[in-house]
2 protein chains.
Amino acid sequence: MTGHSLNRRPGIKDVAASAGVSIKTVSRVVNAEEAVHPETRARVIQAIQTLGYVPNTAARSLKSGTNGSIGIVIDSLADPFFAALVSAIETRALAEGLSVLVASSNLDSDREREQLLSLVAGHQVAGVIFAPVADEHPYLDPFRTTTPVVAVDRSRAGFDCVVVDDRGATALAVQQLVELGHERIAFFDRDERFSTIHRRLDGYLDVLRDAGLPYDPELVSSTVDGSLDYLSEAQRLLGLERPATAFFASNAKAAIGLTTALHRIHRQNTAMIAFGDFAFADVLRPGVSCIDQDPFLIGNAAIERLLALREGPKNDPREWIVPTALLLRGSGEIPAPPDATSHAHISTTEGQLA
Amino acid sequence: MTGHSLNRRPGIKDVAASAGVSIKTVSRVVNAEEAVHPETRARVIQAIQTLGYVPNTAARSLKSGTNGSIGIVIDSLADPFFAALVSAIETRALAEGLSVLVASSNLDSDREREQLLSLVAGHQVAGVIFAPVADEHPYLDPFRTTTPVVAVDRSRAGFDCVVVDDRGATALAVQQLVELGHERIAFFDRDERFSTIHRRLDGYLDVLRDAGLPYDPELVSSTVDGSLDYLSEAQRLLGLERPATAFFASNAKAAIGLTTALHRIHRQNTAMIAFGDFAFADVLRPGVSCIDQDPFLIGNAAIERLLALREGPKNDPREWIVPTALLLRGSGEIPAPPDATSHAHISTTEGQLA
DNA sequence: ACCCGCGACGACAACGTTGTCAAGTCGTTG
DNA sequence: CAACGACTTGACAACGTTGTCGTCGCGGGT
């Protein structure tokens with residue numbers, strides 16, 4: 001019993017013994033270092049293959065201080081937007097020989113903290129991409145010097161951020177509605193928890209102001225406790241004395257809920273534009289017009305930036321704006337009913353135009 | 001310069017020094033072992049918090065031989081079904097204090113092998129859940145004694161598998177169509193690469209046989225090189241001498257493609273049932289009837305089984321069948337046009353029943 | 001007074017790998 | 001022939017943690 005191969009996983013030592021070299025040489029071969037005689041290299045590779053040796057990641061990262069994987073923290077994988085985003089990152093990471101550790105924050109900032117620390121301090125990941133929940137992340141400071149961090153979807157000061165121009169894209173969409181004569185445009189799902197939504201609301205307000213339309217809080221539906229009854233809310237808005245004639249859904253959930261609701265009450269011929277594309281938006285009658293925020297573009301930009309940070313010393317963090325597209329599919333082009341608001345609009349805010 | 005706290009991450013040694021105990025005692029506290037005096041424990045915890053100590057996962061798993069995370073290999077995260085499945089697993093894993101390493105196979109068995117080995121041998125994960133691609137996975141054998149493995153979505157001999165009853169569920173759906181008088185039922189996306197699809201085709205054939213209907217290969221559309229032009233294929237089927245009067249989509253991609261195609265040519269009033277629920281299936285007109293295969297149920301069952309395998313010695317692997325539901329939403333209940341096939345059907349395969 | 005047992009704790013090796021540094025082997029040059 | 005450099009290789013420590021085993025102090029039974 002010379003304690004050989006059977007029943008224990010082969011380690012670098014076994015390979016070394018089998019190839020008749022030292023463990024260091026095996027290490028060199030595994031890490032594709034130059035200084036190894038081709039013949040020796042061949043012998044080692046041979047040994048690796050017959051033994052089925054796979055280097056131990058734990059030992060490796062213990063020595064090097066950095067794990068060969070990147071950490072991701074997003075709201076939830078059940079959200080198709082984030083799932084696609086992670087998918088894009090994973091694809092690129094694989095090409096780089098990096099694994100992906102994924103965790104969800106569930107929009108809870110305590111959980112976000114826990115997960116981020118586990119990744120950065122515990123697993124010592126080579127980098128982190130996350131969709132920030134809390135406003136501040138001071139606990140990441142000690143790691144910032146060694147671990148590159150990129151924020152996605154929601155912007156945060158101090159981090160490289162990959163986001164879309166929420167305010168501008170929203171403005172463009174709402175502008176489209178205004179140009180078709182809509183004066184009563186409902187905004188769905190104001191939600192104080194998300195700065196993203198905040199900016200979209202700002203874009204909405206920008207257009208109203210520039211068009212000289214009054215801002216009516218009654219037209220803005222708020223999510224309470226993360227949920228909203230789209231059906232009754234839609235009915236309320238359509239039943240106002242001066243009813244809403246167009247809808248803007250500021251997120252995918254609202255888009256789905258609203259679309260479903262409008263179809264259910266057979267009012268699908270109401271003008272509507274949604275922030276975020278979704279499956280079947282173009283199959284419905286009429287097609288739901290959307291602001292397309294491509295998760296693959298965002299994911300790619302984020303991982304690309306992360307990889308860049310791994311190399312060069314990081315200059316000041318900045319915001320990376322990924323372009324969006326306004327996909328008009330019918331629902332956004334439905335003009336306001338001529339009689340919607342029969343009295344002429346009197347602009348009282350002239351001077352405010354740029 | 002006594003080389004203290006600043007600029008280096010605190011290790012167990014720093015905590016020990018700060019609390020005036022040995023590193024072993026800190027280890028005991030971190031691992032919640034009994035034999036520690038409450039007072040000492042408090043002192044250590046205090047030190048841990050002030051220093052912001054987080055144990056190093058790499059060193060931990062190097063010693064213990066097992067990483068505190070579970071590995072997942074699925075087709076692609078961009079597929080909402082798998083994304084939801086991973087989400088369910090991740091949620092449960094978190095509760096167990098386990099992280100999630102996720103990789104995609106992209107349906108490539110070489111890549112599957114690479115990823116599985118990286119997880120099992122490289123990262124030494126505490127367990128693996130994967131959607132098998134290859135028929136055999138002999139390279140996993142050396143690890144089976146120490147690492148629990150659970151297959152999902154597609155069944156494989158030798159593994160605990162969490163799947164749905166593809167054949168039975170399909171049969172139920174096709175039966176529904178047959179009962180409404182359909183005799184020309186198209187089957188979409190025969191794909192040799194997936195045993196899942198194979199079994200669904202079997203279910204389809206079961207019903208035809210039991211109903212005494214002839215099997216017409218012209219009604220079965222095959223995916224070539226992973227893609228299919230649903231529009232022209234649908235038109236071909238509807239243009240046959242004896243046209244298809246109902247469609248069965250054996251996977252979500254086919255369902256989406258087919259639905260889009262039928263809408264585009266304004267034939268959405270064709271009977272149709274899809275395997276796999278998808279967003280908006282109930283918003284379309286008519287609603288698309290679906291066999292609902294709940295990814296959360298599957299994910300939960302898989303992780304639950306995995307956790308069980310971590311404990312007890314594993315008895316023989318078995319198949320765990322997760323129930324499906326036939327969601328009738330309109331499209332599946334559209335009867336066959338009375339004149340579709342005007343000649344009476346003559347059963348010549350009587351004896352085969354039961 | 002003695003011994004034994006038990007609870008609390010620490011010294012030290014070990015996990016598998018890589019970085020550091022030194023040593024060996026050549027062929028080439030002065 | 002000695003000296004040198006280029007190339008190839010190996011011995012050994014170290015990464016941060018946990019397992020093993022030993023030590024210490026104290027209380028109770030004889």
Side-chain angles (χ1 to χ4, degrees), chain A residues 3 5 8-45 47-48 51-69 97 118 120-126 146, chain B residues 3 5 8-45 47-48 51-68 118 120-126 146:
Chain A
S5 64
R8 206 185 73 264
R9 293 196 43 227
I12 200 173
K13 285 194 276 231
D14 304 291
V15 178
S18 159
V21 296
S22 78
I23 59 172
K24 182 63 213 191
T25 299
V26 177
S27 170
R28 275 190 262 259
V29 171
V30 169
N31 290 48
E33 287 176 29
E34 299 292 337
V36 175
H37 193 87
E39 204 173 286
T40 315
R41 181 189 304 276
R43 224 168 51 243
V44 172
I45 291 179
I48 287 178
L51 293 182
Y53 166 72
V54 177
N56 182 324
T57 310
R60 214 192 270 241
S61 52
L62 178 56
K63 265 310 277 185
S64 63
T66 168
N67 181 329
S69 42
S118 159
V120 169
H123 291 278
Q124 305 200 146
V125 293
T146 55
Chain B
S5 64
R8 207 187 70 261
R9 294 199 43 228
I12 200 173
K13 284 195 276 234
D14 304 291
V15 178
S18 161
V21 297
S22 78
I23 59 171
K24 182 64 215 194
T25 299
V26 176
S27 170
R28 275 190 262 259
V29 171
V30 169
N31 292 48
E33 286 174 29
E34 298 292 337
V36 175
H37 193 89
E39 203 173 287
T40 314
R41 180 187 305 275
R43 224 167 51 241
V44 171
I45 290 179
I48 287 178
L51 292 182
Y53 166 73
V54 178
N56 182 324
T57 311
R60 215 193 270 241
S61 50
L62 177 56
K63 267 308 280 183
S64 64
T66 168
N67 180 329
S118 158
V120 170
H123 290 280
Q124 305 199 147
V125 294
T146 55

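Bear in mind that the values here come from a model prediction, so they are computed numbers and not experimental data. Lettering follows sequence order; numbering is per chain, from 1.
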Answer with base, sugar-phosphate or nothing: what part of the nucleic acid does [X] contact at a heavy-atom distance below 4.0 Å?
X: A:T40; value: sugar-phosphate
X: A:S64; value: nothing
X: B:V21; value: sugar-phosphate

Without decimals, in angstroms, what is the distance between [X] [atom1] and [N] [atom2]?
X: B:K13; N: D:dC15; atom1: NZ; atom2: P; result: 5 Å
X: A:I23; N: D:dC12; atom1: CD1; atom2: C1'; result: 9 Å
X: B:H37; N: C:dG7; atom1: NE2; atom2: P; result: 14 Å
X: B:I12; N: C:dA11; atom1: CD1; atom2: P; result: 13 Å
X: A:E39; N: C:dC26; atom1: CD; atom2: P; result: 13 Å

Look at the side chain of A:R9 and the base of C:dG16, then say whether one donor and one acceptor between them are separated by less than 3.5 Å.
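Result: no qualifying N/O pair found.
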On the side chain of A:K63, is there an atom forming a donor-acceptor pair with the base of D:dA14 - under 3.5 Å, no angle test?
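Indeed, a donor on one side and an acceptor on the other fall under 3.5 Å apart.
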Can any side-chain N or O of B:T57 pair as donor or acceptor with the backbone N or O of A:G122 at less than 3.5 Å?
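Answer holds: yes.
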Can you check whether A:D14's main-chain N or O pairs, donor with acceptor, with A:S18's side chain at less than 3.5 Å?
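No, because the side chain of A:S18 does not come within donor-acceptor range (under 3.5 Å) of the backbone of A:D14.
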So, taking the atom named CZ in B:R41 and the one named CD in B:E33, what distance separates them when rounded to the nearest 0.5 Å?
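Between atom CZ of B:R41 and atom CD of B:E33 there are 9.0 Å.
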Hey, which of these two, B:E33 or A:G20, hits DNA chain D nearer its 5' end, going by closest nucleotide?
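The 5'-side residue here is A:G20.
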Would you mind telling me which residue lines up with the more 5' stretch of DNA chain C, A:V54 or B:V26, judged by nearest nucleotide?
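Residue closer to the 5' terminus by nearest nucleotide: B:V26.
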May I ask you to verify if any side-chain N or O of A:S27 is less than 4.0 angstrom from the OP1 or OP2 atom of C:dT18?
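Answer is yes, contact under 4.0 Å.
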